[in-house]
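Remarks on the structure that follows.
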Number of protein chains: 2
Amino acid sequence: MTHQKQSMFSKSCEYGIKAMIYIASQSMLDRRVKIGEVVEHIDSPVAFTAKIVGALVKENVVQSVTGPYGGFYIDKHRMSQIMMIDIVTAIDGDSIFNGCGLGLKECDNEQPCPMHYKFVKIRADLKRMLNSTSILELAQGLESGKSILMR
Amino acid sequence: MTHQKQSMFSKSCEYGIKAMIYIASQSMLDRRVKIGEVVEHIDSPVAFTAKIVGALVKENVVQSVTGPYGGFYIDKHRMSQIMMIDIVTAIDGDSIFNGCGLGLKECDNEQPCPMHYKFVKIRADLKRMLNSTSILELAQGLESGKSILMR
DNA sequence: TTTATTTAGGATAAATTTGTCTTAAATAGA
DNA sequence: TCTATTTAAGACAAATTTATCCTAAATAAA
Ligand code: FES
Ligand code: FES
C-alpha cells in the first residue's frame with residue numbers, strides 16, 4: 001500500500017482558489033487578466049484551469065469578458081464579501097464540512113461514528129476559517145509580497 | 001463543474017480506520033475476526049478492505065493468523081498506544097498535515113502561500129487530535145453502544 | 001497426508017479525477 | 001464586413017483511486 005495523495009482540497013479546488021487570488025490581486029490594480037496569464041502565475045494546466053474558472057464565472061464568483069481585450073476580473077467592491085467558503089463549496093461541495101469523516105451516509109449527532117465528536121470541532125474550525133477569510137484579504141497578502149502562489 | 005467527493009480521508013483510509021476500530025472492539029472480547037466478519041460490520045468491499053488491513057499488518061498496527069481459526073486481532077495491551085495518526089499516516093501519508101493546503105511543493109513559513117497561517121492552525125489541531133486519539137478509546141465507544149460503524 | 005479454511009499478493013477492471021484538444025460563440029478593431 | 005483574440009463548452013485521453021478476481025501460502029484438523 002503506497003501512500004495516497006490525499007490533501008485538504010481537490011486539485012480543482014486548489015487551482016480555483018489560486019486563480020481567484022491572482023485575478024483578485026490584479027483586479028485591485030484594475031487589470032483584467034487572460035487565462036494564460038493566470039496559469040503562468042499559479043503554475044497550473046491552462047485548459048483545466050480555464051474550466052474551473054469558467055465554473056466560478058457561472059457561480060458568480062468572478063466575471064469574464066470574451067474577445068480581444070477580454071479576460072477575467074473580480075469587482076473591487078465585492079472582494080471583501082467573496083469568502084473562501086464560497087469557492088470551496090462551489091468546487092468541492094460541502095462534504096468536507098458536513099459529511100461524516102468516516103464515510104457514514106450522513107453525519108448524525110444521534111447516531112455518531114466513533115470519531116464524530118473529535119471531527120465536529122475540527123470541521124467547525126475549518127468552516128469558520130473559510131467563512132471568515134475573504135478573497136480581498138488573501139489578494140492583499142499576495143500583492144504586498146507577504147505570500148506567494150508559486151515556487 | 002459538478003462537485004467533487006472530497007473528504008477528509010481517502011476511502012482506503014476510512015475503511016482502514018473502521019476496520020481497525022471493529023477489530024479492536026472484538027479483540028477486547030478476545031475474539032479474532034475474519035475479514036468477512038469485518039466488512040459485514042463496516043459495510044465495505046471485502047477484497048479491497050483485505051488489502052488495506054493487510055497493509056496495516058505490515059505496518060504492525062494489527063496482527064494476523066492464516067488458516068482455519070485464523071483472522072485479525074490487535075494486542076489488548078497495545079490498544080492504548082495505537083493512535084489514529086498511525087493509521088492515517090500509514091494509508092494517506094502525511095500530506096494532509098504537512099503539505100501546503102494550496103498545493104505548493106512544500107509548506108514553508110518563509111515563503112508562505114496566501115492561506116498558510118490560516119491552514120497551520122487547523123492542521124495542527126487535526127494532527128493533535130489524531131495524535132491523542134487511541135484505537136482503544138474508539139473501540140470502547142463502539143462496544144458501549146455510544147457510537148456506530150454502519151447505518 | 002489430505003482437505004478445508006483463511007490471509008497474502010498479483011493481475012485486471014471500473015470509476016473518478018485530472019488534463020488535453022478542438023470547435024463554437026462573443027467581441028473589438030481594421 | 002472580415003479578421004484576430006479570447007472565453008465557453010464538449011469530446012476525448014491519461015492518471016489515480018477504488019474495486020474485483022484469481023492463485024499462492026500458511027495453518028489446523030481429520
Ligand atoms: S457521524 Fe461521523 S463525523 Fe459525525
Ligand atoms: S505554504 Fe501553503 S499551507 Fe503553508
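Proteins come first, then strands; the chains are lettered A, B, ... in the order of their sequence lines, and each starts at number 1.
The phosphate of C:dG19 has OP1 or OP2 within less than 4.0 Å of a side-chain N or O from A:Tyr15. For the OP1/OP2 pair of C:dT18 and a distance below 4.0 Å, the side-chain nitrogens and oxygens of B:Gln4 include at least one atom meeting the criterion.
Residue A:Arg32 contributes atom CZ, which lies 17 Å from atom P of C:dA26 at whole-angstrom precision. For A:Asp43 and C:dG19, the CG to P distance is 11 Å, given to the nearest whole Å. Across the protein-nucleic acid pair, B:Phe48 atom CZ and C:dA11 atom C1' stand 16 Å apart, rounded to whole Å. Remark: P of C:dA14 and NZ of B:Lys5 are 17 Å apart, rounded to the nearest angstrom.
Ion pairing between a basic and an acidic side chain is recognised when a charged N comes within 4.0 Å of a carboxylate O; B:Glu37 and B:Arg31 show such pairing. A salt bridge does not link B:Asp92 with A:Lys5: every distance from a Lys NZ or Arg NE/NH1/NH2 to an Asp or Glu carboxylate oxygen is 4.0 Å or more.
The heavy-atom pair separating A:Val62 from A:Val53 by the smallest distance is CG1-O, 4.0 Å. Taking each heavy atom of A:Cys113 and A:Cys100 in turn, the nearest pair found is SG-SG, 3.7 Å. Here the closest non-hydrogen pair linking A:Met28 and A:Ala139 is SD-CB, 3.9 Å.
The main-chain N or O of A:Gly71 is never found under 3.5 Å from a side-chain atom of A:Arg32 such that the two would form a donor-acceptor pair.
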Please walk me through it: do A:Arg151 and A:Asp43 pass salt bridge (charged side-chain N to carboxylate O under 4.0 Å, His left out)?
-> CA-CA 9 Å; A:Arg151 85 158 60 94; A:Asp43 189 27; over 6 Å; no
All N/O pairs under 3.5 Å across the protein-nucleotides 7-9 of chain C interface:
| unit_1 | atom_1 | unit_2 | atom_2 | d |
| --- | --- | --- | --- | --- |
| C:dT7 | OP1 | B:Ile35 | N | 3.1 |
| C:dT7 | O3' | B:Ser64 | OG | 3.4 |
| C:dA8 | OP1 | B:Ser64 | OG | 2.8 |

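Transitive grouping of hydrophobic side chains (ILVMFWY, heavy atoms separated by less than 4.5 Å) brings A:Tyr22 and A:Val46 into a common cluster. Clustering ILVMFWY residues whenever any of their side-chain heavy atoms sit less than 4.5 angstrom apart, transitively, puts B:Val57 in the very cluster that holds B:Val38.
Annotation: side chain of B:Met150 is not in contact with side chain of B:Glu40 (no heavy-atom distance under 4.5 Å).
The C1' atoms of five pairs define one axis at each end of the helix from C:dT1-D:dA30 to C:dA30-D:dT1, and these two axes lie 10° apart (to 10°).
Along DNA chain D, the stretch of nucleotides lying under 4.0 Å from any heavy atom of chain B spans, 5' to 3', D:dT18 to D:dA29.
Heavy-atom nearest nucleotides on DNA chain C were determined for A:Lys11 and for A:Pro68, and the one closer to the 5' end corresponds to A:Lys11.
Using cut-offs of 30° and 60° on the angle between ring planes, the pair B:Phe119 and A:Phe9 is tilted.
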